[in-house]
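All remarks here apply to the structure that follows.
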Amino acid sequence: RYNGEVGDIVVGRITEVQQKRWKVETNSRLDSVLLLSSMNLPGGELRRRSAEDELAMRDYLQEGDLISAEVQSVFSDGAVSLHTRSLKYGKLGQGVLVQVSPSLVKRQKTHFHDLPCGASVILGNNGFIWIYPTPEQKDEEAGGFTTNLEPVPLSDREVISRLRNCIVALVTQQLMLFDTSILYCYEASLPHQIKDILKPEVMEEIVLETRQRLLDLEG
């Protein structure tokens, strides 16, 4: 299970809409909380939250929605309070969620990566990893609430599927997940078909190559 620390980046799923707050599943022992006051309102407005905002909470986020957020504080019982006060956080649109052990996610300065292969990943410290098509332009207007529901082209879906299988391979072989390890594994997997990456002998081969390249990098 995930033990939250202040400043961690997490990916979570909304489980309940309550008064002035959402409950979020973040792979920790207790549900995490996102307060209405800890999020940007659509359009980035800064003002006190009104009764109308409370009534409109479901328009922003409802059960089942995925969000990216930052841990704002940790309560004495270990429960975590989140915020989405920066435009890089907010509701997640189309993509694939992979759940791994939080211990395999390497702590880095940034956990948002646009990979050169054409997809992006959010490596949640809580072991929830989100893989999605790299957005063409950053839409700063909406404050992180409009989700792009355009059909994702096949080429992007293939990149995302390959990345997903590579992450599964790295996790199976207990290799730490960070942008470089994922990218090296992706490149090592290119000679193989996407579905073949999950075969144990292929997994072993591409992760071995990844490990070797990471060692060469450290030199």
Side-chain angles (χ1 to χ4, degrees), residues 1-99 102 105 107-114 120-150:
R1 287 287 184 175
Y2 163 68
N3 290 319
E5 288 183 32
V6 175
D8 279 358
I9 305 300
V10 298
V11 173
R13 191 182 289 281
I14 305 289
T15 54
E16 206 183 318
V17 183
Q18 298 179 324
Q19 193 178 4
K20 295 191 182 176
R21 67 183 63 205
W22 288 269
K23 284 188 113 167
V24 191
E25 156 60 32
T26 52
N27 195 19
S28 54
R29 222 165 24 85
L30 299 161
D31 272 333
S32 303
V33 191
L34 173 64
L35 294 173
L36 181 57
S37 55
S38 302
M39 62 182 281
N40 276 338
L41 290 169
E45 292 176 84
L46 295 173
R47 57 177 168 77
R48 290 197 57 147
R49 307 300 189 252
S50 63
E52 285 79 57
D53 292 327
E54 271 188 65
L55 294 172
M57 278 176 63
R58 251 178 227 287
D59 301 344
Y60 303 146
L61 294 169
Q62 50 186 324
E63 290 86 352
D65 284 347
L66 284 163
I67 58 165
S68 59
E70 186 176 323
V71 175
Q72 185 168 17
S73 55
V74 181
F75 299 116
S76 53
D77 60 2
V80 168
S81 175
L82 306 171
H83 80 90
T84 58
R85 277 224 185 88
S86 144
L87 290 179
K88 64 182 178 194
Y89 307 132
K91 189 163 155 184
L92 300 174
Q94 303 200 86
V96 172
L97 181 70
V98 190
Q99 299 189 9
V105 178
R107 288 185 177 276
Q108 291 182 283
K109 277 206 176 75
T110 173
H111 282 254
F112 289 76
H113 301 287
D114 294 343
S120 301
V121 292
I122 302 174
L123 300 174
N125 286 114
N126 59 332
F128 284 17
I129 293 177
W130 182 247
I131 314 169
Y132 60 106
T134 304
E136 281 161 20
Q137 74 282 351
K138 297 281 187 238
D139 182 13
E140 300 293 3
E141 291 296 288
F145 283 97
T146 42
T147 44
N148 176 4
L149 297 177
E150 291 291 304

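Counting begins at 1 with the first residue of the sequence. This structure is a prediction, so every number in the text was calculated from the model and none was measured.
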Exceeds 12 heavy-atom contacts within 6.0 angstrom, atom CD of Q19: no
Within-4.5 Å side-chain heavy-atom neighbours: P135 and S120: yes
Interatomic distance, E54 atom CD to E52 atom CD [nearest 0.5 angstrom]: 10.0 Å
Salt bridge present between R21 and E16 (N-O < 4.0 angstrom): no
Main-chain N/O of S81 paired with S73 side-chain donor or acceptor, under 3.5 Å: no
N126 side chain vs T26 backbone, donor-acceptor pair below 3.5 Å: yes
Least distance between heavy atoms, Q94 atom then P133 atom: O-CD, 3.4 Å
Flag, side chain of H111 to backbone of L123, donor-acceptor distance under 3.5 Å: yes
Non-hydrogen atoms of S37 and R85 that approach each other most closely: O-NH2, 2.8 Å
W22 side chain vs L61 backbone, donor-acceptor pair below 3.5 Å: yes
Contact check, side chains of E70 and L82, non-hydrogen atoms, under 4.5 Å: no
For N125, the option from N3, D8, V71 that meets side-chain contact (heavy atoms from CB on, under 4.5 Å): D8
Inter-residue atom distance K91.NZ - D65.CG, 0.5 Å rounding: 4.5 Å
Considering all heavy atoms, the nearest V80-G4 contact: CG2-CA, 3.9 Å
Atom CZ of R1: over 12 foreign heavy atoms under 6.0 Å: yes
Heavy-atom check, side chain of P102 versus side chain of N27, under 4.5 Å: yes
Sidechain-backbone polar pair: R29 side chain, G78 backbone, donor-acceptor under 3.5 Å: no
Candidate list D53, I14, N40, V17, test side-chain contact (heavy atoms from CB on, under 4.5 Å), partner Y60, passing option: D53
Note, F128 side chain near L97 side chain (heavy atom, < 4.5 Å): yes
Heavy-atom closest pair, residues I122 and Y132: CG1-CE2, 3.8 Å
Close side-chain approach of F112 to Y89, heavy-atom, < 4.5 Å: yes
Under 3.5 Å donor-acceptor, R13 side chain and G64 backbone: yes
Atom pair NZ/CG of K20 and L34 - distance to nearest 0.5 Å: 14.5 Å
